[in-house]
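The chain is numbered in sequence order, starting from 1.
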Amino acid sequence: MHITDIIRTNSPTFSFEFFPPKTPAAAEVLYQTIRDLESYMPDFVSVTYGAGGSTRNLTHDLVERIQRTTKLDPIPHLTCVCHNEEEIERILLRYAKSAIGNILALGGDRPAGITYDKSRDSFQHAIDLVNFIRRFNESGAHPDRRGFGIGVAGFPEGHPATPNRLVEMDYFKAKVDAGADYIVTQLFFDNRDLVDFRERCALNDIHIPIIAGIMPITSISGCKRIAELASGARFPAKLLRALEHCQNDREMVRRIGIQYALEQCHDLLDHDVAGIHFYTLNRSDATRVIFDSLGFPHRRNAQALNR
């Protein structure tokens, strides 16, 4: 089922993101997380793709395992970096054969520790990948006559590679117009950025659903890692002040991070967001606390039982 179909019947959506484990111990943590979160019946779960496609086979295997062994609807990430057209076509054919309904098409992170020449990639930007998936959809190779639903990334704080916000929106509109069906945003900590991004999309005649990405902070080290992964995420002074006051108390840091994310979610729902996507870091505790506090689990479990 396409994400747009789900949003039309079940908005706001709730979803979770996982990344492929690299060790047996990490795999056990992830599969326990999936078991914990499956009972919440999220509308979909996404699976990340390592920098330069470094976890491509792990991603494929995890997506297919989720599809085969759970009731969850997995959406694989697919990136431009270090790929040619033949490789991407093989991946799309594999996912089509497994009846995967949606793809999240991304530019992708540069691989670390190796020499990388971007000019050799078949896909220079996410728009090229969106165009390729759209052409694949038109080939009729997917069991759904529409092909894959195509998602793209949105950046409420601005794309780190394009400081000029006017030019950024020109690029973003071109990417959406190439064939995107929905947007999943980068994480953010100030909801005003999401509201402003949504308004700028409307001004640029972009009207596809925007799903907000939320990542609860559960540790000071995690906070620093988030800043690195998100290429300079803005942390509001209110949040930093609260974390600073209890930085030596790990449990209080966790509680403050979860409470802050919960307040973000309530405010987003008040602003009629199309959906909320939780970046779980393969852990279920913080997401479960937030999800329970939002008051939706019983309603969603009841829906699942009636399907």
Side-chain angles (χ1 to χ4, degrees), residues 3 17-20 46-56 58-60 63 75-92 95 102-137 148-188 193-194 197 200-201 204 206 208 210-213 215 225-233 277 279:
I3 295 303
E17 179 176 285
F18 306 127
F19 61 85
S46 71
V47 180
T48 67
Y49 211 62
S54 57
T55 63
R56 65 182 67 173
L58 295 175
T59 297
H60 305 332
V63 167
I75 298 180
H77 293 198
L78 197 55
T79 67
C80 300
V81 178
C82 297
H83 271 313
N84 58 45
E85 291 188 357
E86 292 77 13
E87 290 170 334
I88 293 295
E89 184 174 25
R90 285 198 299 270
I91 293 168
L92 293 175
Y95 284 144
N102 301 273
I103 297 285
L104 191 57
L106 308 169
D109 297 323
R110 290 172 174 264
I114 66 171
T115 302
Y116 168 62
D117 181 1
K118 182 177 174 62
S119 67
R120 302 179 64 178
D121 288 342
S122 295
F123 308 95
Q124 290 297 298
H125 303 284
I127 185 176
D128 303 317
L129 185 55
V130 172
N131 274 316
F132 188 84
I133 298 171
R134 180 177 52 78
R135 291 196 298 272
F136 179 90
N137 287 347
F148 292 103
I150 304 173
V152 295
F155 297 83
E157 298 177 348
H159 195 291
T162 313
N164 185 322
R165 302 301 296 274
L166 297 180
V167 172
E168 176 204 15
M169 289 308 296
D170 291 339
Y171 291 160
F172 187 67
K173 178 172 173 53
K175 179 171 67 171
V176 169
D177 289 350
D181 301 304
Y182 63 98
I183 299 161
V184 180
T185 78
Q186 176 65 280
L187 63 92
F188 58 92
D193 288 322
L194 187 281
F197 174 68
R200 284 185 290 115
C201 283
N204 284 272
I206 298 170
I208 61 176
I210 300 174
I211 298 171
M215 181 182 284
R225 184 163 181 262
I226 289 169
E228 181 67 26
L229 290 174
S231 300
H277 189 60
Y279 294 106

(message) Strictly distance-based, threshold 3.5 Å: is any side-chain N or O of Thr185 a donor or acceptor partner for the main-chain N or O of Gly154?
(response) no

(request) Answer yes or no: is there a donor N or O on one side and an acceptor on the other, between the side chain of Thr79 and the main chain of Leu106, under 3.5 Å? (result) no

(message) Run Phe132 and Leu78 through side chain to side chain contact (heavy atoms under 4.5 Å, CB included) and show every step you take.
(response) CA-CA 12 Å; Phe132 188 84; Leu78 197 55; over 6 Å; no

(message) Between His83 and Tyr49, is the ring centroid distance below 6.0 Å?
(response) yes

Checking [X] now: which residues fulfil ring pair (Phe, Tyr, Trp, His ring centres under 6.0 Å) with it, not counting sequence neighbours?
X      : result
Tyr95  : His60
Phe188 : none
Phe172 : Phe197
His77  : none

Atom pair [atom1] ([X]) and [atom2] ([Y]), whose distance is rounded to the nearest 0.5 Å:
X      : Y      : atom1 : atom2 : value
Glu17  : Ile75  : CD    : CD1   : 10.5 Å
Ile210 : His277 : CD1   : NE2   : 15.0 Å
Thr48  : Leu58  : OG1   : CG    : 10.0 Å
Phe148 : Ile133 : CZ    : CD1   : 8.0 Å

What residues, two or more places apart in sequence or in another chain, satisfy salt bridge (Lys or Arg N to Asp or Glu O under 4.0 Å) together with [X]?
X      : answer
Asp193 : Arg234
Asp170 : none
Arg135 : none

(message) Quick check on side-chain contact (heavy atoms from CB on, under 4.5 Å): which of Gln186, Met169, Arg165, Glu168 does His159 satisfy it with?
(response) Glu168

(request) Determine the minimum heavy-atom distance between Glu89 and Phe136, stating which atoms define it. (result) O-CE1, 4.3 Å

(message) Please give me the minimum heavy-atom distance between Gly107 and Ala126, naming the atom from each residue.
(response) N-CB, 3.8 Å

(request) Output, in order, the C-alpha distance, side-chain angles, deciding distance and verdict of side chain to side chain contact (heavy atoms under 4.5 Å, CB included) for Val184 and Ile3. (result) CA-CA 11 Å; Val184 180; Ile3 295 303; over 6 Å; no

(message) The criterion is side-chain contact (heavy atoms from CB on, under 4.5 Å); which residues satisfy it with Gln124, sequence neighbours excluded?
(response) Lys118, Asp121, Asp128

(message) Among residues at least two apart in sequence or on other chains, which ones pass side-chain contact (heavy atoms from CB on, under 4.5 Å) with Asn84?
(response) Glu86, Glu87, Ser122

(message) My understanding is that only residues two or more places apart in sequence, or in another chain, count here; which of them pass side chain to side chain donor-acceptor pair (under 3.5 Å) with Arg134?
(response) Asn131, Glu138

Let me check something: any side-chain donor-acceptor pairs from residues 174-181 under 3.5 Å, sequence neighbours excluded? List them with distances.
residue : atom : partner : partner atom : Å
Lys175  : NZ   : Ala153  : O            : 3.1
Asp177  : OD2  : Lys173  : NZ           : 3.1
Asp181  : OD2  : Ile150  : N            : 2.7

